[in-house]
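Counting starts at 1 for both ligands and their atoms, in listed order.
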Amino acid sequence: MHEEALISIIAPMYNEEAAIDIFFAEMRKFLAECPYQYEIVCVNDGSKDNTLDILKKYAEEDNRIKVVSFSRNFGKERALYAGLKYSSGDAVIPIDVDLQNPPMTIKTFLAKWEEGYDIVYGVRENRKNEGRLRRFLSKKFYEFYNLISEQKAPYNAADFRLMDRKVVNAVLRIREKHLFMKGIFNWVGYKSCPVLYNHADRAAGNSKFNFWKLWNLALDGITGSSTLPLRVWTYLGGGIAFVSFVIALFFLIKTILWGDPVQGFPTLVILLLFFGGIQLIALGIMGEYIGRIMIEVKNRPLYIVDELINIDE
Ligand code: UDP
Ligand code: MG
């Protein structure tokens with residue numbers, strides 16, 4: 001069906017000097033058995049180590065290995081976006097270079113693609129290597145995300161997936177600055193199918209995501225997919241106003257019947273603090289959205305490319 005097809009592997013890299021050689025070695029094992037033409041688009045996301053130099057050596061030997069090098073670190077989501085933009089394959093497969101996504105799984109992706117699926121997404125069978133707290137918070141995030149978003153993002157689904165060219169073109173039409181790729185991949189729609197894979201341990205080096213980065217990614221995901229957190233205050237405020245009206249009535253009647261000895265100082269303090277807190281939360285959430293509007297309005301480029309190797313603009 002896709003005999004002459006070109007497949008693009010997209011590998012975002014940030015300080016991955018320790019993992020690159022193992023990555024290419026594994027990739028070659030897979031590509032040796034792969035019946036399609038291929039290219040590997042490596043996005044160097046502003047690495048401060050020797051990642052770029054090592055990449056250049058590989059690119060020199062083989063012009064199917066392409067390099068997009070950023071002027072600084074712009075984050076994995078933007079690196080992925082650039083990878084999609086500079087790829088030309090009929091099917092595009094983002095993969096982590098730390099080999100947590102086993103390249104051999106791509107065979108199954110390709111078989112499903114041949115069956116006619118436009119998106120074949122990897123689903124992590126286990127996440128034992130990710131730390132209990134991270135797994136727990138990640139699960140909570142997806143529960144919340146799916147509760148408030150129109151388009152669901154399956155829990156445990158990975159960026160590791162195959163997308164047909166038409167899906168990639170659809171994704172590239174999205175021009176927002178706060179990218180949450182997993183959400184976007186689902187938002188565009190198309191016929192999709194999951195494939196379970198074994199999420200391996202990192203081959204070398206350390207995770208590039210700390211708690212703060214993941215937290216902000218989660219906020220990007222939520223603010224990018226739903227305005228419910230903004231709107232919920234109207235209803236909460238309405239509810240509280242109604243309750244306060246009932247309480248006012250109660251105090252009015254109580255005062256008429258029994259007089260008005262001064263009481264309830266602790267209640268006042270608690271209520272004051274409680275509603276002060278609620279209002280600040282509401283303001284803070286508005287701030288999250290307004291800050292993002294500000295970035296969108298400034299409309300700066302998603303990333304700055306410093307160097308392109310084996311790619312003509
Ligand atoms: N990565 C990137 N830019 C970043 C952070 C990560 O391009 O700012 C790449 C990284 O080199 C790796 C992939 O994204 O290829 C996944 O990162 P990592 O393995 O550190 O994340 P984790 O597996 O812990 O989620
Ligand atoms: Mg990893």
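- Judged by the 6.0 Å and 45° rule, K208 forms no cation-pi pair with Y14.
- Of the N or O atoms in N206, none lie within a sub-3.5 Å distance of an N or O in ligand 1.
- Classification of the F74-Y303 ring pair by plane angle, with boundaries at 30° and 60°, yields perpendicular.
- Residue contact check: M13 has heavy atoms under 4.0 Å from atoms 7 (O), 11 (O) of ligand 1.
- A donor-acceptor pair shorter than 3.5 Å cannot be found between the side chains of D306 and S71.
- The Mg ion (ligand 2) has an N, O or S atom of D98 inside 2.8 Å of it.
- Classification of the F180-F141 ring pair by plane angle, with boundaries at 30° and 60°, yields perpendicular.
- Ring planes of F160 and F109: tilted class, angle from 30 to 60°.
- The cationic group of R28 does not satisfy the cation-pi geometry with F30, failing either the under 6.0 Å distance to the six-membered ring centre or the 45° limit from the ring axis.
- Comparing F70, F209, Y14 against atom 2 (C) of ligand 1, the shortest heavy-atom distance belongs to Y14.
- At a heavy-atom cutoff of 4.0 Å, ligand 1 is contacted by no atom of N15, backbone or side chain.
- Here is the list of ligand 1 atoms found below 4.0 Å of a heavy atom in K213: 8 (O).
- The E16 neighbourhood of ligand 1 comprises atoms 10 (C), 11 (O), 12 (C), 15 (O), with distances under 4.0 Å to a heavy atom of that residue.
- Heavy-atom proximity to D45, at under 4.0 Å, picks out these atoms of ligand 1: 2 (C), 3 (N), 4 (C), 7 (O), 8 (O).
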Intermediate values then yes/no, side-chain contact (heavy atoms from CB on, under 4.5 Å), E60 and K57: CA-CA 5 Å; E60 214 166 275; K57 277 192 205 117; 5.7 Å; no

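- No hydrogens or angles considered: a donor-acceptor pair under 3.5 Å links the side chains of D45 and N73.
- Under the 6.0 Å distance and 45° angle rule, K182 does not count as a cation-pi partner of F185.
- Atom 25 (O) of ligand 1 has its nearest heavy-atom neighbour, among R134, R202, K76, in R134.
- Ligand-side atoms of ligand 1 in range of G75: 3 (N), 8 (O), range being under 4.0 angstrom from any heavy atom.
- Close contacts of ligand 1 with V97, meaning ligand atoms under 4.0 Å from a residue heavy atom, involve 15 (O).
- In terms of N/O distances under 3.5 Å, ligand 1 is approached by Q100.
- Taking a cut-off of under 4.0 Å to the non-hydrogen atoms of S207, the atoms of ligand 1 that pass are 20 (O), 21 (O), 22 (P), 24 (O).
- Among the atoms of S207, no N, O or S atom is found under 2.8 Å from the Mg ion (ligand 2).
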